[in-house]
Enquirer: 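First, the structure itself, so that you have it in front of you.
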Amino acid sequence: MMLLVLCLLGVAAATSAQYEVEACVALSMQHNCELQPLSVKLTKQPVKRGHNGAAKCEDTVDQWGSVAWSDLTLPEGRALMVKVITSVPGLSSASGFFVRPTRRTRNWPKPRLTARTATFYLADTGQFSVEFAPPSLWREKAALSFDALMLFVNPELALPDGLTTISPKPTKALSIDLGPNKAYVFTKANTYDWGRDIVFKVHDNTRVYFEAGAHVRARIVQTEKKVDNVLISGYGTLDTHYELEPDIVGISDDATQQTIGIYGKNIRVFGVTIINTNPRCGTWGYCLNINANWSPIGDPKDPFGADELQDQKLPSPKYKRRQAHCQLTNMDNSPNTNFENCPTSHADGQRVSFVKCMTWQMGQDGLNAGKWGAVENSFVRVIDDAIKPWDSHGVYTNITIWQQALGWPINLGWWSWVQPDIGTVLEDIYVIHNHNWHTSGGWPETKSGQCTIGAIYGSGSVKKGYKLKNIFVETAASCAVGLEISKSAYNRHPTAKGCVGSIIDLEIDGLFFDEEFKTGKGYGNFISGEANPMAGCVGDLNGKVKGMTISSNVAGRALTESDFQLPAPSTVPGLVLTAAVDPHAVSEAAYKRHARKNAYVGNGASAEIDQYGVVVRGVEQCLERCHADWSCDCVVFATGGSNAGTCWKRRGCEVPGAFDDDKQYDVYVRSWEFKSCPQFKQN
């Protein structure tokens, strides 16, 4: 039997008493292995409630709950057998059991389930949410206080020998230099907690490793210069826990308030879990931001403030002449002439892989890899914008997003400095949850919701040729697209004449929603360009949304123009809306139809997952509901009568001969591609 690499708990991390996890490596999904207990780490809303239970901090936007997680290692060509036990009050597989993203997991073997225990296989690396909960929960306020379990399945990783152990000893310094030309390691045996914020500054040819289970309360940044060849790697945790010092360049100015924030080329970040557990209200900063196109090289005499991009007056904004790092122009729109250590292709661009980001306040955004950057196989769970493709030639693939109570899962830009922004690609983005319906009625200020894809775009950069392909949204979402170009955007960087760039040839090729939208007042699908551009703002600087195409499927139907508010149609020329075909569509061949039959407890089914059923558009959507739910063995679809079009999920449909005769219903029994292994023990 192959050994499962267990990621033991770092001494600074909290542990979860709400979930128990065991796992082992099996030869395949048809083999058994000896389960071993895993450590389960925990992050939860660090900001305390008031005495009456209400939020004391509006930046938490009513988001509570917790995330327990375990890191697992999967050797290539093998499978993980996993057992999960939950003790979270109210959770049970009786109303559904999901391992999301379901399009990645639903063709794996049938699990063994009891009310609070599940044993199942994971056949690939990735980030998976294990849920003893019904889909209906994600349309309710209970979603905002859910106690989650994430399983982070990572590829094998061996740390090199000869590394210098980073000391946890107390220091009076606010920052510690790492490198140049050196390799370091944070070990799991050490307690990396200095009782205050501390910054590690990386230099050329610096490698920083985390032993599995290491927990480090610190940040890793370099915004005072551009560096070359930096690696941050390992299955440990980097935790922004303490309040930052006030406005120190390179340590805590607005360009540096990131858990990982670096300027340069050949930057690699792999495997790290990034969390923000600062309990003070109003703390902000990304999980990871490389070559941010809205911030300058640090000036020791004049700390940069983001409000410099918020308080500009039109028509002639007055920007300081702040030095760009790799942007084509400086902040005042003068040319940048220094491109040393700037990426020129994906060969020397940034690469972010198997990174996990979890934060708890508004302003604590997710991942941005910058120009020529790539983010792949990563996870984001934030109360603000999750991924931020704001610069040219980015590639974002196979990313799982759990959007909390505010923000866009995919934010297309705010205040980028003026330069071309072309050719970025997003593909296979799995939005497993999106709770921003909780705040979309009040933010943004227009009738555009935060939606799934969008922005309030206020940059003079012309954004062109972006392509988004296969965006999957599994549970209740406020809307699909909320995109507005505005010279008055809250965060903005128009040209010297006050012009905002157009968004041209934006292609969304496959936007899929498993459920209809959770509609509300004051928000919805919305597209608008700048209706009143400043004088002289012409051509691509007139702020239009030109040639946008959207192919979609919302619970079996395509979006049409009637789904959108278009307050200024002339600013959205060439909009095309078509139907999309799900590349992971469930075939009816995966189910056996029993015509004119009904199944329920006492007549061929052991449990009724749906007591009242859900109205769907057809058999295809009914089968999709069952295929996503690992507790579902068959569905009943009403073909006629007063319940026509209603779908019920059932469990234990193993004796079709016991189904009830009823001409108004059909039963579809799931043919699991892999049955549970005979040795699958019901422990």
Side-chain angles (χ1 to χ4, degrees), residues 3-13 38-39 41 69-75 125 152-171 173-222 227-242 251 258-262 264 266-277 287-288 290 350-357 377-378:
L3 176 66
L4 174 67
V5 180
L6 299 181
C7 295
L8 300 178
L9 178 66
V11 293
L38 293 182
S39 63
K41 297 169 279 257
W69 82 91
S70 283
D71 279 295
L72 303 90
T73 300
L74 178 61
T125 56
F152 298 145
V153 181
N154 306 302
E156 291 183 292
L157 176 67
L159 272 57
D161 297 328
L163 303 175
T164 299
T165 298
I166 296 174
S167 172
K169 291 181 179 179
T171 177
L174 298 177
S175 65
I176 297 173
D177 287 301
L178 299 179
N181 307 312
K182 294 182 180 179
Y184 303 87
V185 63
F186 291 108
T187 65
K188 65 184 178 184
N190 281 321
T191 301
Y192 291 104
D193 187 340
W194 291 267
R196 57 175 174 79
D197 181 62
I198 194 163
V199 166
F200 288 91
K201 294 187 177 182
V202 290
H203 300 274
D204 288 352
N205 304 308
T206 297
R207 291 175 292 154
V208 182
Y209 293 94
F210 289 74
E211 283 187 353
H215 191 108
V216 182
R217 284 182 166 170
R219 297 179 294 122
I220 300 175
V221 301
Q222 180 55 268
V227 294
D228 181 18
N229 193 25
V230 170
L231 172 66
I232 301 168
S233 179
Y235 302 137
T237 301
L238 193 60
D239 179 2
T240 298
H241 181 74
Y242 293 105
I251 293 176
Q258 333 292 334
T259 304
I260 296 177
I262 303 172
N266 292 309
I267 312 299
R268 304 288 187 269
V269 184
F270 181 91
V272 181
T273 297
I274 304 170
I275 62 176
N276 191 315
T277 62
C287 276
L288 179 145
I290 302 177
Q350 308 72 250
R351 184 167 295 277
V352 178
S353 306
F354 289 96
V355 166
K356 288 79 70 172
C357 162
N377 303 314
S378 293

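Bear in mind that the values here come from a model prediction, so they are computed numbers and not experimental data. Residue indices begin at 1 and follow the sequence shown.
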Enquirer: Can you measure from CZ (F186) to CD1 (I232) and round to the nearest 0.5 angstrom?
Expert: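 Answer for the CZ-CD1 pair, F186 versus I232, is 9.0 Å.
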Enquirer: Going by side chain to side chain contact (heavy atoms under 4.5 Å, CB included), name the residues that satisfy it together with P168, two or more places apart in sequence or in a different chain.
Expert: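 For P168 the side chain to side chain contact (heavy atoms under 4.5 Å, CB included) partners, ignoring immediate neighbours, are N190, Y192.
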Enquirer: Going by heavy atoms in the side chains, are D71 and K356 under 4.5 Å from each other?
Expert: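 Side chain of D71 against side chain of K356, heavy atoms only: contact under 4.5 Å found.
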Enquirer: Is the centre of the W69 ring less than 6.0 Å from the centre of the Y235 ring?
Expert: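 Centroid distance W69-Y235: not below 6.0 Å, so no.
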Enquirer: How many angstroms lie between CG in N266 and CD in Q350, if you round to the nearest 0.5 Å?
Expert: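 So the gap between those two atoms works out to 9.0 Å.
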Enquirer: With V221, which residues qualify under side chain to side chain contact (heavy atoms under 4.5 Å, CB included), at least two apart?
Expert: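 Expected list: V199, R219, T256.
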Enquirer: Given side-chain contact (heavy atoms from CB on, under 4.5 Å), test V352 with I290 step by step and report yes or no.
Expert: CA-CA 10 Å; V352 178; I290 302 177; 4.2 Å; yes
Enquirer: What's the spacing between E156 CD and L74 CG if we round to 0.5 Å?
Expert: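 CG of L74 is found 8.0 Å from CD of E156.
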Enquirer: Roughly how far apart are W194 CH2 and I176 CD1, rounded to 0.5 Å?
Expert: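 Answer for the CH2-CD1 pair, W194 versus I176, is 6.0 Å.
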Enquirer: Looking at every non-hydrogen atom in both residues, tell me the closest pair between L72 and S70 and how far apart they are.
Expert: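 Here L72 and S70 meet closest at CD1-O, 3.5 Å.
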Enquirer: Contact between I220 and V269 at the side-chain level, heavy atoms closer than 4.5 Å - yes or no?
Expert: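 Of all side-chain heavy-atom pairs linking V269 with I220, none is under 4.5 Å.
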Enquirer: Between D239 and R217, is there a salt bridge with N-O shorter than 4.0 Å?
Expert: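 Counted as a salt bridge, because a side-chain N and a carboxylate O are separated by less than 4.0 Å.
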Enquirer: With sequence neighbours excluded, tell me which residues meet side chain to side chain donor-acceptor pair (under 3.5 Å) with T240.
Expert: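 Residues passing side chain to side chain donor-acceptor pair (under 3.5 Å) with T240: T259.
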Enquirer: Got a donor-acceptor contact below 3.5 angstrom from the T73 side chain to the P155 backbone?
Expert: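 Not at all, since once roles are kept as given, no pair shorter than 3.5 Å links the two residues.
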Enquirer: N377: what forms a side chain to side chain contact (heavy atoms under 4.5 Å, CB included) with it, not counting sequence neighbours?
Expert: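 Checked N377 against side chain to side chain contact (heavy atoms under 4.5 Å, CB included); matches are F354, N398.
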Enquirer: Can you give each donor-acceptor pair under 3.5 Å made by side-chain atoms of residues 205-213, sequence neighbours left out, with the distance rounded to 0.1 Å?
Expert:
from: N205; atom 1: OD1; to: N229; atom 2: ND2; distance (Å): 2.9
from: N205; atom 1: ND2; to: N181; atom 2: OD1; distance (Å): 2.8
from: T206; atom 1: OG1; to: L178; atom 2: O; distance (Å): 3.1
from: T206; atom 1: OG1; to: H203; atom 2: N; distance (Å): 3.4
from: T206; atom 1: OG1; to: H203; atom 2: O; distance (Å): 2.8
from: E211; atom 1: OE1; to: K188; atom 2: N; distance (Å): 3.1

Enquirer: Could you pull out the closest heavy-atom pair between I260 and L238, with the gap in Å?
Expert: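 Of all heavy-atom pairs spanning I260 and L238, the closest is CG1-CD2, 3.7 Å.
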Enquirer: Below 4.5 Å, heavy atoms only, C-beta onward: do D193 and H215 meet side chain to side chain?
Expert: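 The answer is no, as the side chains (C-beta and beyond) never meet within the 4.5 Å cut-off.
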Enquirer: When rounded to the nearest 0.5 angstrom, what distance separates CG in L163 from OG1 in T187?
Expert: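 Going from the CG atom of L163 to the OG1 atom of T187 covers 11.0 Å.
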Enquirer: Can you sort out the partners of S167 under side chain to side chain contact (heavy atoms under 4.5 Å, CB included), two or more places apart, ordered by chain and number?
Expert: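 Once residues adjacent in sequence are excluded, the partners of S167 under the side chain to side chain contact (heavy atoms under 4.5 Å, CB included) criterion are K169.
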Enquirer: How far does CG of L174 sit from NZ of K201, to the nearest 0.5 angstrom?
Expert: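 So the CG of L174 and the NZ of K201 are separated by 9.0 Å.
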Enquirer: Keeping Y242 on the side-chain end and I198 on the backbone end, is there a donor-acceptor pair under 3.5 Å?
Expert: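 No; zero donor-acceptor contacts below 3.5 Å.
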